[in-house]
Amino acid sequence: MARRYLPVAAFAGLIVAIQLATFFTGTAYHLTQLTMTAYYSLVTVGLCMLIGYAGQISLGHAGFFAIGGYVTAFLTTCNLKLHPGVLVSVLEKSGLLVARSDAYGGSLLTVHPWPACGVAILLAVVIAYLVGGPVLKLKGHYLAMATLGFGIIVYRMVLGTEFLGSADGISDVPGFPLLSGMLITGNSSARVSNYYLAWGLVILGMVLLLNLIHSRVGRALAAVHGAEDAAGAMGIPTARYKLNTFVLSAVFAALAGVLLTHYNGGIGPSEAGVMKSVRYVAIVAIGGMANLWGALSMSLVLNYLSLRGYFGTYDDAVFGVILILIMLFAPDGLLRRHILSDLKRAVSRNPAEEEAS
Amino acid sequence: MNGRKGMVLAVLMAIFLSGTFAQAAEPIKIGAILSVTGPASFLGGPEARTLEMLVAETNKKGGVMGRQVQLIIKDSGASPEKAFSFAKQLIDEDKVFAIIGPSTSGESMKIKSVAEEGKTILMSCAAAEAIVNPVAKYVFKTPQSDKDAILKIFQQMKKMKITKIGVLSSNTGFGGAGKGQIEKLAPQHGITIVANEVYDKAASDLTAEVTKIKAANVQAIVNWSIEPAQAIVIKNARQIGLKIPIFQSHGFGNIKYVEAAGEAAEGVLFPAGRLLVADVLPKKDPQRELLLRYKKDYMSFCSGEECSTFGGHAYDAYIILLKGIETAKSTDKEAVRTAIENLKGVVGTGGIFNFSPTDHNGLGIDAFEMLTVKKGKFAIL
Amino acid sequence: MTLLSVRGISKRFGGLQAVSDLSFDVAAGSIKALIGPNGAGKTTIFNLISGFLPPDCGEIVFGGAEIHGMSSCEVAARGMVRTFQHIRLFPKMTVLENIMVGRHIHSRAGFLAGMLNLPFTWGEERRIREKSFEIMELLGIGAHAGTEAISLAYGQQRVVEVGRALACEPKLLLLDEPAAGLNMRETNEMGRLISRIREMGVTVLLVEHDMSLVMKISDEVVVVSYGEKIAEDRPLAIQKNREVIRVYLGDDA
Amino acid sequence: MLGGMTAVTLSRFVPLPLAILAAVVITTIVGAIIEIVFIRWLHKPSVLRMVIITIGLSILIRETALHIWGESVRALPYFTGTSVSSINLAGVYISSQILWVVGIGALVVAALGAFFNLTMLGRQMRACSANRDAARLCGIDAGNMVTLSFMVSAAIGALGGCIICPITYVQYDSGTPLAIKGFTVAILGGLGNSTAAVGAGMILGILESFSIWVLPTAYKEAISIAILLIILFVKPSGIFGSAEAARLKEF
């Protein structure tokens with residue numbers, strides 16, 4: 001048990017250390033990108049669960065992210081004052097709606113972020129079940145292409161749908177009020193609280209996934225991944241377990257989509273793009289496929305660098321190159337479990353060689 | 001404990017002081033968020049090159065108010081989330097004086113509130129009306145409004161006695177905004193829309209769409225897009241034997257589309273700024289000199305590449321900023337912002353800018369000229 | 001009492017009639033062997049019974065319920081567990097973990113309980129672990145608990161696979177060539193193990209090539225050739241059956 | 001995309017047919033180099049690995065093209081006639097370039113068919129796809145066959161890019177959507193069946209064109225993907241392929 005949670009504590013320490021470091025060096029602006037990184041990391045660890053532990057690739061997870069983001073963005077910006085009706089008044093009485101004014105003085109009546117988030121997650125779950133059922137029956141490149149196809153369909157839908165803003169996406173999404181009066185928003189004043197909130201969520205997600213991996217279900221998933229027919233013969237409902245993991249990772253993606261959309265104050269079709277999905281897979285691949293901590297740390301580094309624009313106009317190319325190199329030279333990922341022993345071996349060998357020479 | 005606190009204070013003081021001391025000699029930082037790559041690279045590419053050219057020019061002349069200009073270009077790849085991240089970074093971290101861009105309306109809309117919050121001037125290079133309406137204190141835009149372009153087209157239609165039109169638009173922000181404005185303005189000008197089609201911005205064949213329009217028996221086609229698809233529209237329309245006038249948006253202002261469409265482009269009508277027809281403008285036109293200079297400079301800077309109106313938007317954004325600094329005689333963001341808001345008669349590539357607190361675009365219908373294509377070249381109608 | 005009853009099942013692959021109109025019963029508490037020359041369709045029969053393949057026609061009744069058309073995991077949940085001709089241990093998992101997977105159908109912590117690490121799962125995990133150790137001790141592989149299963153010697157891998165199946169506490173254990181690839185000593189041990197499993201109250205149906213093993217441990221033998229049953233009898237009688245001898249040794253015999 | 005771009009660049013210096021030929025040759029070489037550098041030396045790569053490598057490569061090629069050719073749109077001139085000239089076939093207007101596309105497409109299919117059925121090399125390649133190990137035992141160098149198949153498909157892709165780009169233009173990112181559509185058509189027709197692929201391509205094109213009468217045009221691209229998904233769910237062997245053939249190609 002301690003072994004499972006020790007890294008979690010260490011990671012939490014790292015998060016606090018980073019914040020303190022930015023505070024004392026007066027570079028708190030780094031926290032903005034780090035917060036965004038946290039939400040992307042949520043997608044990554046969910047996907048890592050699916051790829052690494054259930055052994056199913058998905059090249060369409062940006063689709064789930066976009067479903068979450070777009071649903072909440074649409075519901076919290078669509079001015080229901082313009083569409084009065086029985087349904088609207090019923091919703092208003094039930095407290096699901098909120099009247100607010102936008103930044104330029106116009107008054108709006110929109111869905112409250114909490115129910116919007118609920119709807120977004122629910123929709124992602126339903127779609128994941130509907131898509132996952134038939135898709136997960138496929139294998140190899142058929143599975144890859146089918147999930148890719150799903151991602152492209154979502155991309156095309158948001159791009160072609162007028163009420164989702166077409167190519168412009170949706171702007172002016174309000175902050176997400178939490179119970180304690182905290183607000184998920186990109187405003188600089190709420191930077192520190194949002195940073196902790198986002199990473200707190202990631203840590204919570206990690207704890208949940210680590211628990212799952214070490215549970216009966218995690219063992220069953222590993223069995224399915226290792227030898228599917230034998231797992232079936234042991235009474236493990238392989239199809240259902242794969243589907244559940246797919247849905248679980250879709251929920252992670254959708255939740256990240258919801259929260260990042262509130263943080264950024266908007267969402268655009270680029271979040272649903274194929275490149276985004278490929279990027280998530282690339283990060284999981286470098287992290288070592290079945291290695292949640294690897295995926296998390298690579299996500300932290302790469303997303304942060306990308307969001308700060310370090311890769312310039314080579315942003316997509318960088319991820320393409322990473323994918324190729326990893327798949328060519330280290331298909332098990334850079335951060336695989338025995339890297340420490342590899343290092344030890346290398347270290348212990350070197351002095352011996354030096355002595356010999 | 002006290003000692004440690006004191007040390008922290010001292011460090012912070014040092015950082016603060018070094019900041020103020022350095023101010024005098026430090027360059028003016030101007031950030032630019034442009035989609036140099038990605039689906040809107042045809043906007044961001046020329047914009048980035050134009051800015052690089054202008055900044056090099058300014059610095060060669062000794063800078064502005066004795067200070068050099070430092071340009072920080074961030075490639076957003078047309079992703080709003082990156083634009084958001086970069087805007088935060090430029091404002092909070094680089095503490096830029098102003099941001100030029102983003103290239104697309106979607107991105108501009110998303111960082112409108114970031115610029116407001118960060119009290120930093122944003123000179124958007126995107127066209128959507130919503131960027132400056134409602135007016136945000138710090139947000140300006142340089143491209144002409146869709147509305148004025150459409151009004152210009154409708155004026156022309158009145159002259160040609162056209163009342164029944166078919167509308168095509170791409171599914172981008174530009175296309176959607178144009179379509180919305182056409183639908184809104186057409187009834188006021190006695191024009192009926194009998195066919196209305198939206199196509200994908202990456203479409204490579206639009207025969208089906210133009211066939212549908214042909215079936216609706218219209219007197220003219222209006223196509224609203226900025227993508228290569230606009231060349232495909234005219235080609236497909238002519239191929240199915242449709243001979244009615246075709247109007248394009250000001251997004252047609254790139255000679256490459258004329259080249260791509262070849263003979264089909266002949267006779268296409270579209271409103272545009274005067275940049276495209278600079279060499280045939282009358283001598284007394286106030287924009288002529290600036291336009292010719294931009295064309296020449298851009299071509300020599302980019303080794304032979306023709307300039308486009310998109311680069312012009314960045315050009316205008318930059319010269320308006322400089323004008324603002326010169327007028328305000330300071331680099332105080334607030335003072336410059338007020339100065340820009342009251343600028344009148346600034347000659348740019350897109351027209352003559354007259355800003356006011358309620359108009360952060362500053363261009364009117366006279367910014368447009370009705371153009372056509374004659375023998376593979378743009379010409380004034 | 002009959003535990004498993006196979007009634008007239010057939011299976012066709014394209015132009016090949018792999019199994020045709022096959023019927024036999026397995027009595028509770030017995031060891032039954034399924035033998036036949038290579039390509040007789042023995043593994044296909046196993047696949048049909050254990051739900052890996054649906055039969056084209058016919059019925060399979062297990063413990064009083066019709067199970068044909070059920071998936072392999074449903075069949076397993078009803079208490080029929082199989083092993084594989086080519087060992088299918090779970091890679092990257094220790095012997096202990098492999099056997100713990102066998103306890104799957106006797107535990108119930110799902111996705112939510114697992115993620116939340118609910119208290120009831122702690123006791124459940126402990127019981128899974130205890131039971132798994134018990135089985136490993138029984139099979140004499142307790143010392144390898146922490147070893148990666150597929151790094152063991154071949155013979156031990158077979159034992160682990162049987163152990164994993166036993167962890168399911170099956171009513172009926174299907175063993176697909178349990179002695180394949182084992183040496184003489186290991187084969188004898190496997191024979192003793194199978195007899196012991198029967199003594200524990202588990203019914204066994206096995207496919208095996210090693211005739212001495214089959215004749216030593218089975219109560220009854222079914223002989224198939226080209227997908228058809230040609231004999232079903234006690235081992236001694238089978239050894240004297242002319243048809244069986246003809247099938248195995250050719251027409252000249 | 002690569003073929004089209006190269007042809008456009010070359011057509012400034014040499015006559016059109018020569019430029020296209022050179023573009024096809026160059027792309028073929030690039031295809032071979034990619035196979036040799038990235039695929040050949042991998043020892044029994046898993047399909048997942050191959051798929052991910054291919055996706056990575058497509059991104060890399062696209063980004064390289066962006067940095068070589070920039071973001072602008074290019075086009076080749078029409079082979080015959082101009083962009084407005086069209087041929088009236090029983091009241092239907094068809095651009096002459098369409099006839100070129102159809103004609104060359106038919107030629108390529110015929111040539112492929114002949115190659116696979118009549119030449120030794122073609123038969124060897126089919127043997128490799130059916131059973132790599134068995135083919136190797138028969139003395140066929142499977143590695144060379146894979147390189148060759150990469151070259152052939154690269155050449156055909158480049159040729160396709162050249163003949164279609166006067167109509168659709170070519171840009172640095174015009175390859176990816178075509179690749180997905182190509183995969184859809186290949187699956188639809190059953191992998192490894194070029195005649196059926198042509199039929200499948202026509203069906204897909206017709207469905208897409210008609211879809212705009214029912215659905216908003218912007219969803220047109222999604223249609224082909226949706227069809228791909230449905231085919232994968234219902235009959236992964238393709239509508240023209242047999243289940244037996246598909247099982248042979250199971251990975």
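Order of the sequence lines sets the chain letters (A, B, ...), proteins ahead of strands, with each chain counted from 1. In this text the structure is predicted, and so the values were computed from the model without any measurement. Side-chain atoms are counted along with the backbone in the values below, which use heavy atoms only and exclude waters and symmetry mates.
- Heavy atoms closer than 4.5 Å to chain B are found nowhere in A:D316, neither backbone nor side chain.
- With values rounded to the nearest 0.5 angstrom, A:T313 atom OG1 is found 12.0 Å from B:L34 atom CG.
- Summarising the geometry, atom CG belonging to B:D75 is positioned 13.0 Å from atom CZ belonging to A:F311; distances are rounded to the nearest 0.5 Å.
- Judged by distance alone, with hydrogens and angles left aside, the side-chain atoms of A:Q33 form a donor-acceptor pair with the main-chain N or O of B:S85 at under 3.5 Å.
- Taken from CD1 in B:I91 to OH in A:Y29, the straight-line distance is 14.0 Å, to the nearest 0.5 Å.
- Interface remark: A:Y40 contributes side-chain atoms only to the contact with chain B (heavy atom separation under 4.5 Å).
- Within the 4.5 angstrom heavy-atom criterion, atoms from both the backbone and the side chain of B:E93 approach chain A.
- Residue contact with chain A, scored on non-hydrogen atoms closer than 4.5 Å, is absent for B:V114.
- Side chain of B:K110 to main chain of A:N264: no donor-acceptor pair is present (N/O by atom type, distance under 3.5 Å, no hydrogens or angles).
- Atom CG in A:D172 sits 7.0 Å away from atom NZ in B:K112 (nearest 0.5 Å).
- With a 6.0 Å radius and a threshold of 12 heavy atoms from other residues, nucleotides or ligands, B:K29 has its NZ atom above the threshold.
- You'll find the side chain of B:K82 reaches within 4.5 Å of the side chain of A:S306, heavy atoms only.
- Of the two parts of B:A136, the backbone and the side chain both hold a non-hydrogen atom closer than 4.5 Å to a non-hydrogen atom of chain A.
- The greatest number of non-hydrogen atom pairs below 4.5 Å with chain A, out of B:E116, B:K88, B:M109, B:E107, is found for B:K88.
- With a threshold of 4.5 angstrom between heavy atoms, B:S79 approaches chain A through its backbone and through its side chain.
- Formation of a donor-acceptor pair under 3.5 Å by the B:K74 side chain with backbone atoms of A:R308 is found in this model.
- A donor-acceptor contact closer than 3.5 angstrom links the side chains of B:E81 and A:S270.
- Counting all heavy atoms, side chain and backbone alike, A:T32 lies closest to B:F84 at CG2-CE2, 4.4 Å.
- Residues B:E117 and A:S188 meet the side-chain proximity criterion, which asks for heavy atoms closer than 4.5 Å.
- Taking a 6.0 Å sphere around OH of A:Y314, one finds it holds 12 or fewer heavy atoms contributed by other residues, nucleotides or ligands.
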Under the criterion side-chain contact (heavy atoms from CB on, under 4.5 Å), I'd like the reasoning laid out for B:D92 against A:R191: C-alpha separation, chi angles, the key distance, then a yes or no.
CA-CA 11 Å; B:D92 294 344; A:R191 203 154 43 191; 2.8 Å; yes

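- Across every non-hydrogen atom of A:G268 and B:P80, the tightest pair is CA-CG, 3.6 Å.
- Using a 4.5 Å cut-off between heavy atoms, A:I170 contacts chain B through its backbone alone, with no side-chain atom that close.
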